[in-house]
Amino acid sequence: MPDENLYERGSGANPAVDEAAWLILGPALRGEPSLILETQPTWTAEAARTLRDLITGDNADEGPRKFLSKLQDQLVAAPNTVIALAAELLCVQVLPLSNITPETKRTRVKTVLSWANPPLHLPATIDSALGAGGTFHGGAGFNIRIWQQVVWLTQFIEEWWASSFEERQRALHDPWAFRDLTDRVQGGWEPAMRTSLLALVWPGYFDSVVKEADRQRIRAAFAHHLGPFGDADDADLDHDLWSIRQAVQEPGQPRVDWYAEPYLSAWSGLAAPRKHVEGRRAWLVRTGQGGAQLADAWRDDEFVSLPATNLRLALETATEASIRGAVDAGYTHLDYAQRLQLTQADQAFILRMNPDDIVLTLVADNAQIGYVSGDPSWSDTEGSRLRRAVEWLPELVAKAELPEPVPGMLDKQGDVVELTAGLDALTALVERLTDRPVDDDMVEPDDDTARFPSAVSIPPATDDLAASLHMPREVLQEWLDVLGDRRQLVFYGPPGTGKTFVAEALGRHVVGSDTNHLRTVQFHPSYAYEDFFEGLRPTVEDGNVTYQVVPGPLRKLVAEATTPGNESRPYVLVIDEMNRANLAKVFGELYYLLEYRDQSISLQYSSDSDFRLPKNLFIIGTMNTLDRSISMVDAAIRRRFPFVELHPSVDPVSGVLSAYLAAQGTDDRRARLLDALNAGIDERDLQIGPSYLMKHSAREHSGMERIWKYDILPLLDDHFYGARTPEQIRAQFGLDALLARLNGTPVGPVDVIVEPDVVVSVDAIAGDEESADS
């Protein structure tokens with residue numbers, strides 16, 4: 001049933017849904033008879049007001065029954081116009097959802113129509129429209145907030161007909177005028193439903209991206225398309241998203257899908273804009289002495305509460321000061337610290353908690369999660385006087401399955417704890433839990449999908465990894481297993497054993513193609529906590545010097561690793577020359593987190609928020625035993641890091657040079673030369689590693705001479721200082737002397753060292769210039 005406005009409306013991600021929606025919305029917005037009643041319109045201000053009155057206020061059913069069961073009782077005496085309107089609003093609500101089957105959509109709407117007297121029937125055109133597929137995944141908001149979204153639609157209808165004829169006509173021909181009219185809806189705020197309606201009425205201008213956080217991230221990621229004056233903080237988010245799509249949409253190509261690559265990777269890893277976090281929060285509310293019995297009452301009667309036994313307060317006019325005064329007056333028998341804790345909990349519950357916030361409580365080893373759906377109110381029930389209505393999810397979640405960074409925040413003290421730092425992770429979890437509709441008895445479950453982020457796994461060692469390191473794959477796999485179990489590892493040994501090269505190679509193997517998930521830092525004697533984690537740094541603002549907390553490499557990497565969507569992706573931090581720093585000074589309170597990854601602690605410079613090391617962060621350190629014996633390393637570090645020795649005389653390092661030379665098609669003379677050198681060095685930690693002789697320059701005699709002159713002999717001079725003269729050292733360890741002993745008689749150096757012309761990639765050599773020093 002094409003309409004003259006169809007071309008002006010444009011086309012969205014699913015043109016079939018666009019046309020199906022207009023079958024209902026076109027006549028409704030023009031005031032024409034509906035397809036269901038045929039002879040009269042249903043989208044009238046009177047019908048909308050009647051429907052809202054029947055399902056809200058004194059008629060609201062806040063019990064645990066399913067949505068359609070409640071709605072049936074509420075509409076039992078309603079006229080057919082109101083029942084038809086309810087069915088059409090459910091059509092609009094459910095039509096674009098891709099996570100609900102067509103049969104479920106039809107069943108929901110037909111069930112409502114069956115309550116009419118006489119029963120109403122679903123027109124074939126709408127029946128077909130409900131099978132047109134979807135444009136977005138409804139997630140939690142569209143599965144457990146149906147009645148709120150229906151109420152918002154009734155408010156929109158009233159606002160529509162309260163507008164002048166000229167305003168309505170302009171809204172039917174101008175998408176931005178229609179948008180402005182929806183923003184005038186009073187009495188409730190359902191941003192997801194509002195965005196969905198915009199996309200149904202004007203699909204060519206508004207995307208079916210209904211999550212506010214996702215919308216903000218998309219704009220932030222592509223703000224450069226807004227021109228030289230583009231600003232991701234501009235107020236007109238709808239228009240910015242339209243402008244961005246106009247810029248990236250290729251002519252003649254399918255409509256841009258922000259949830260598909262390459263677009264998804266560009267925005268999904270961004271942190272949610274701060275103003276989104278401020279507008280919506282997440283909370284932990286503890287049951288206190290009520291325990292599991294109180295949690296069951298919360299769940300059965302759909303609320304959350306605080307005891308507030310002696311609190312006397314007018315909630316409508318409450319302020320922080322009035323709450324503090326009411327606590328001081330009602331709890332004189334408690335000391336100051338106890339009253340302060342009560343004040344903080346009551347202030348958060350009354351003033352900062354809002355409808356649509358996520359709320360969580362703990363029941364033994366499980367978490368009970370829901371949405372706040374009401375304002376604070378008083379009850380006569382002892383032990384739970386101060387209440388808020390909550391829509392609880394139908395199933396509990398094991399604490400072990402809660403996403404990062406939520407588990408580490410559950411140890412915070414208090415009866416009401418803000419978890420907003422984990423809001424995005426909790427929102428994603430709730431949406432996974434509600435992938436299948438759960439609000440009415442007639443719903444059929446969709447195909448199961450992954451409910452929780454997959455556990456972080458380290459890929460097994462490969463033949464390519466073994467070949468690149470010239471080490472047995474079995475040994476590498478053992479190291480990877482230890483790293484997977486403990487989340488941290490240290491390679492230690494004398495110079496030239498390839499510690500840094502091995503650490504970074506394993507790090508690249510762990511992160512795979514996400515090479516930006518690997519960071520390397522190098523410690524030194526002046527390195528401190530403020531350099532490594534976070535510290536105060538001076539900045540100049542308006543000519544004045546101020547100090548602010550600046551994150552270091554570890555804090556930055558943790559922020560990336562805990563960004564929603566990254567929880568199952570591994571991140572690796574390589575700490576080179578770890579034992580050259582004062583480790584107790586560098587790590588500070590992080591020592592605790594290295595041992596207890598499932599716990600959190602307060603920080604020196606950010607004491608207002610707890611911090612934890614996520615399980616998807618792996619730390620690989622290196623220690624050069626020539627600089628400082630590991631026997632002098634802080635015992636706390638020794639307990640927290642498994643130590644792996646890389647020593648020239650111990651496998652697998654002892655076989656690296658021979659394996660490398662074999663891979664290059666070269667004989668083993670350099671390996672025998674290294675063995676001869678180390679055989680004369682009595683100090684174990686001074687023995688020379690193979691990477692010195694794996695340099696590209698080692699293929700030529702002149703290169704070998706430079707290696708001996710500038711790398712090896714200076715190490716020996718330092719070691720034997722005062723015990724042997726330089727002449728004695730060169731007589732025993734000089735290149736010519738070793739070659740002579742190795743071959744039995746003095747031999748011309750070129751005849752011994754120069755090898756067949758072999759093309760060697762410098763990047764592939766395990767002992768490059770940098771790793772030789774470690």
Side-chain angles (χ1 to χ4, degrees), residues 24 34 36-37 42 47-48 50-123 126-127 129-131 134 138-154 157 188 190 192-193 196 299-302 370-371 373-374 389-395 430 433-446:
I24 298 173
S34 76
I36 291 177
L37 287 184
T42 55
T50 301
L51 175 59
R52 186 171 66 256
D53 290 344
L54 289 173
I55 62 178
T56 62
D58 294 338
N59 297 313
D61 189 340
E62 298 181 355
R65 293 187 302 154
K66 303 299 183 181
F67 170 77
L68 283 187
S69 298
K70 299 176 183 179
L71 187 62
Q72 183 176 12
D73 290 346
Q74 292 163 333
L75 299 184
V76 64
N80 280 7
T81 52
V82 173
I83 291 177
L85 175 61
E88 290 185 7
L89 295 186
L90 286 177
C91 277
V92 171
Q93 192 267 350
V94 80
L95 178 62
L97 303 184
S98 61
N99 58 309
I100 297 182
T101 64
E103 189 56 37
T104 295
K105 296 178 181 180
R106 294 184 176 108
T107 299
R108 186 178 296 179
V109 177
K110 288 179 179 179
T111 298
V112 174
L113 293 176
S114 70
W115 302 335
N117 185 22
L120 297 172
H121 300 285
L122 188 66
I126 297 182
D127 186 279
L130 292 172
F142 283 77
N143 282 328
I144 67 174
R145 297 183 62 80
I146 299 178
W147 79 266
Q148 291 97 327
Q149 294 178 347
V150 168
V151 168
W152 186 89
L153 288 171
T154 65
I157 294 173
E190 280 291 328
M193 189 67 248
S196 177
R299 188 177 187 83
D300 293 341
D301 295 335
E302 295 191 316
Y371 279 99
S373 59
V390 172
E391 297 175 12
W392 296 106
L393 271 62
E395 54 185 306
V430 169
L433 289 172
T434 54
D435 272 349
R436 55 183 184 274
V438 295
D439 287 274
D440 55 74
D441 299 310
M442 282 64 68
V443 169
E444 296 178 0
D446 292 334

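Thr111 contributes atom OG1, which lies 10.5 Å from atom CG of Leu71 (distance to the nearest 0.5 angstrom). Of the inter-residue distances, the one linking Gln148 atom CD with Ile55 atom CD1 reads 9.5 Å to the nearest 0.5 angstrom. Taking CD from Gln149 and CG from Leu90, the interatomic distance works out to 10.5 Å, rounded to the nearest 0.5 Å. With rounding to the nearest 0.5 Å, the separation of CG in Leu89 from CH2 in Trp147 is 14.5 Å. Rounded to the nearest 0.5 angstrom, Thr107 OG1 and Glu103 CD are separated by 4.5 Å. Residue Thr101 holds its OG1 atom at 10.5 Å from CG of Leu130, rounded to the nearest 0.5 Å.
A pairwise comparison of heavy atoms in Ile24 and Cys91 identifies CD1-CB, 3.5 Å as the closest pair. Closest heavy-atom contact between Arg299 and Leu393: NH2-O, 3.0 Å. Between Ala84 and Leu113, the closest heavy-atom pair is CA-CD2, 4.4 Å.
Listed by chain and residue number, Leu54, Leu75, Val82, Ile83 satisfy the side chain to side chain contact (heavy atoms under 4.5 Å, CB included) test with Ala78 (two or more places apart in sequence, or in another chain). With sequence neighbours left out, Val390 forms a side chain to side chain contact (heavy atoms under 4.5 Å, CB included) with Val304, Val359, Trp392. Remark: Asp127 engages Arg106, Lys110 in a salt bridge (Lys or Arg N to Asp or Glu O under 4.0 Å) (not counting sequence neighbours).
Here the side chains of Val94 and Thr104 are not in contact, with every heavy-atom distance at 4.5 Å or above. The shortest side-chain heavy-atom distance between Val112 and Leu120 does not fall under the 4.5 Å cut-off.
Between the Ser196 side chain and the Ala192 main chain, no donor and acceptor come within less than 3.5 Å of each other. Although no hydrogens or angles enter the test, the distance criterion places a donor-acceptor pair under 3.5 Å between the side chain of Lys105 and the main chain of Leu95. Judged by distance alone, the side chain of Asn117 and the main-chain N or O of Asn80 form no donor-acceptor pair under 3.5 Å.
In the model, Ser34 has a side-chain atom that pairs as donor or acceptor with a side-chain atom of Glu88 under 3.5 Å.
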- Task: I would like to know whether Thr50 and Thr154 meet side-chain contact (heavy atoms from CB on, under 4.5 Å); could you show each step before the answer?
- Result: CA-CA 9 Å; Thr50 301; Thr154 65; over 6 Å; no
